[in-house]
Amino acid sequence: VQLQASGGGLVQAGGSLRLSCAASGRTFSKNVMGWFRQAPGKEREFVAAINWSGGSTNYADSVKGRFTISRDNAKNTVYLQMNRLKVEDTAVYYCAADRRFYRAVVAATATPDFDFWGQGTLVTVSS
């Protein structure tokens, strides 16, 4: 099983980026998927999660209203649209998947709630 994150890069504050996470090796169409981030010297933190159907989402307060998580189960891919980026959004962004089926999205907000992890993609926001 592999989760391949892409789409990171350097952007000015106020700009936008769209991250993608393509899964291979198994389907995650019945599973919660999420995004986390880790800034230098800080712990990995929850950013957003989406339930199996895409009908329910959950966001960290720090990104609510600016970031949007979505998924395409036909492509086994989850996305994170990031708008109005801030310098403090600079981090390595990781996608993750829960192994449990049909879990409520609000129950998956911490790293132990996820079982599969991608390699991370770096997002750098300059002032």
Side-chain angles (χ1 to χ4, degrees):
V1 177
Q2 187 176 15
L3 299 178
Q4 182 70 43
S6 61
L10 174 64
V11 63
Q12 285 191 329
S16 299
L17 280 176
R18 188 193 194 205
L19 306 183
S20 299
C21 176
S24 60
R26 60 161 283 179
T27 178
F28 289 103
S29 60
K30 301 177 183 178
N31 308 81
V32 170
M33 297 191 74
W35 288 94
F36 286 72
R37 66 187 182 187
Q38 188 166 17
K42 295 188 176 181
E43 293 189 353
R44 193 170 298 189
E45 65 175 4
F46 171 77
V47 174
I50 189 166
N51 78 328
W52 67 275
S53 68
S56 182
T57 58
N58 190 32
Y59 297 92
D61 288 342
S62 58
V63 306
K64 203 170 292 184
R66 300 187 298 121
F67 291 11
T68 302
I69 188 171
S70 61
R71 67 189 298 163
D72 184 339
N73 285 341
K75 295 182 179 181
N76 218 16
T77 299
V78 64
Y79 305 96
L80 186 68
Q81 177 66 44
M82 305 185 294
N83 298 329
R84 304 200 310 275
L85 282 160
K86 304 176 180 180
V87 172
E88 51 265 41
D89 293 319
T90 295
V92 176
Y93 283 71
Y94 298 89
C95 61
D98 179 11
R99 63 176 174 82
R100 284 149 287 220
F101 292 164
Y102 305 124
R103 192 176 191 186
V105 68
V106 293
T109 60
T111 53
D113 297 324
F114 292 83
D115 303 281
F116 303 96
W117 292 85
Q119 86 290 357
T121 185
L122 176 62
V123 172
T124 304
V125 184
S126 63
S127 58

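Just so it is clear, the model here is predicted, and its values are computed rather than measured. Along the sequence shown, residues are numbered consecutively beginning with 1.
Residues passing the side chain to side chain contact (heavy atoms under 4.5 Å, CB included) test with Lys64, sequence neighbours excluded: Tyr59, Asp61. Under the side chain to side chain contact (heavy atoms under 4.5 Å, CB included) criterion, Arg100 pairs with Asp98, Arg103, Asp115, sequence neighbours left out. Evaluation of the side chain to side chain contact (heavy atoms under 4.5 Å, CB included) rule for Ser127 yields Val87 as partners, not counting sequence neighbours.
Judged by distance alone, the side chain of Asn31 and the main-chain N or O of Arg99 form a donor-acceptor pair under 3.5 Å. Ser62 contributes no side-chain N or O that, together with a main-chain N or O of Ala60, makes up a donor-acceptor pair within less than 3.5 Å. A distance-only check finds no donor-acceptor pair linking the side chain of Asn73 to the backbone of Phe28 [under 3.5 Å]. In this structure, the side chain of Thr121 does not engage the main chain of Ala5 through any donor-acceptor pair within 3.5 Å.
Considering all non-hydrogen atoms of both residues, Val32 and Ala108 come closest at CG1-CB, 3.9 Å. Thr109 approaches Asn58 most closely through the heavy-atom pair CG2-ND2, 3.3 Å. Among all heavy-atom pairs drawn from Ser29 and Asn76, the shortest one is N-OD1, 4.4 Å. For Ala49 against Phe114, the heavy-atom pair with the smallest separation is CB-CZ, 4.5 Å. In terms of heavy-atom proximity, Gln2 sits nearest to Gln4 at NE2-OE1, 3.4 Å.
A salt bridge (charged side-chain N to carboxylate O under 4.0 Å, His left out) check over residues 77-88, counting only residues at least two apart or in different chains, returns nothing. Among pairs with a residue in residues 64-109, those fulfilling ring-ring contact (aromatic ring centres under 6.0 Å, His included) read Trp52-Tyr102, at least two apart in sequence or across chains.
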I'd like to know whether Thr57 forms a side-chain contact (heavy atoms from CB on, under 4.5 Å) with Asn51, so could you lay out the CA-CA distance, the side-chain angles of the two residues, the decisive distance to 0.1 Å, and finally the verdict. CA-CA 6 Å; Thr57 58; Asn51 78 328; over 6 Å; no
Starting from the C-alpha separation in whole Å, work towards a yes-or-no answer on ring pair (Phe, Tyr, Trp, His ring centres under 6.0 Å) for Trp117 and Phe36. CA-CA 10 Å; Trp117 292 85; Phe36 286 72; 5.0 Å; yes
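Atoms CG and CD, from Leu3 and Gln119 in turn, are 8.5 Å apart once rounded to the nearest 0.5 Å.
Hydrophobic clustering (side-chain heavy atoms under 4.5 Å, transitive across Ile, Leu, Val, Met, Phe, Trp, Tyr) keeps Ile69 apart from Phe46. When the side chains of ILVMFWY residues are joined at heavy-atom separations under 4.5 Å, either directly or via intervening members, Leu80 and Val105 end up in two distinct hydrophobic clusters. Both Met33 and Val1 are part of a single hydrophobic cluster, where members link through side-chain heavy atoms under 4.5 Å apart. Clustering ILVMFWY residues whenever any of their side-chain heavy atoms sit less than 4.5 angstrom apart, transitively, puts Met82 in the very cluster that holds Val63. A single hydrophobic cluster is seen to contain both Leu85 and Val47, as judged by linkage of ILVMFWY side chains at heavy-atom distances under 4.5 Å, directly or through other members.
The closest side-chain heavy-atom distance from Val78 to Ile50 is below 4.5 Å. Between Arg37 and Thr90 the shortest side-chain heavy-atom distance does not fall below 4.5 Å.
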Under 3.5 Å, which donor-acceptor pairs link side chains of residues 8-25 to any protein atom two or more places apart or in another chain?
residue	atom	partner	partner atom	Å
Ser16	OG	Asn83	OD1	2.9

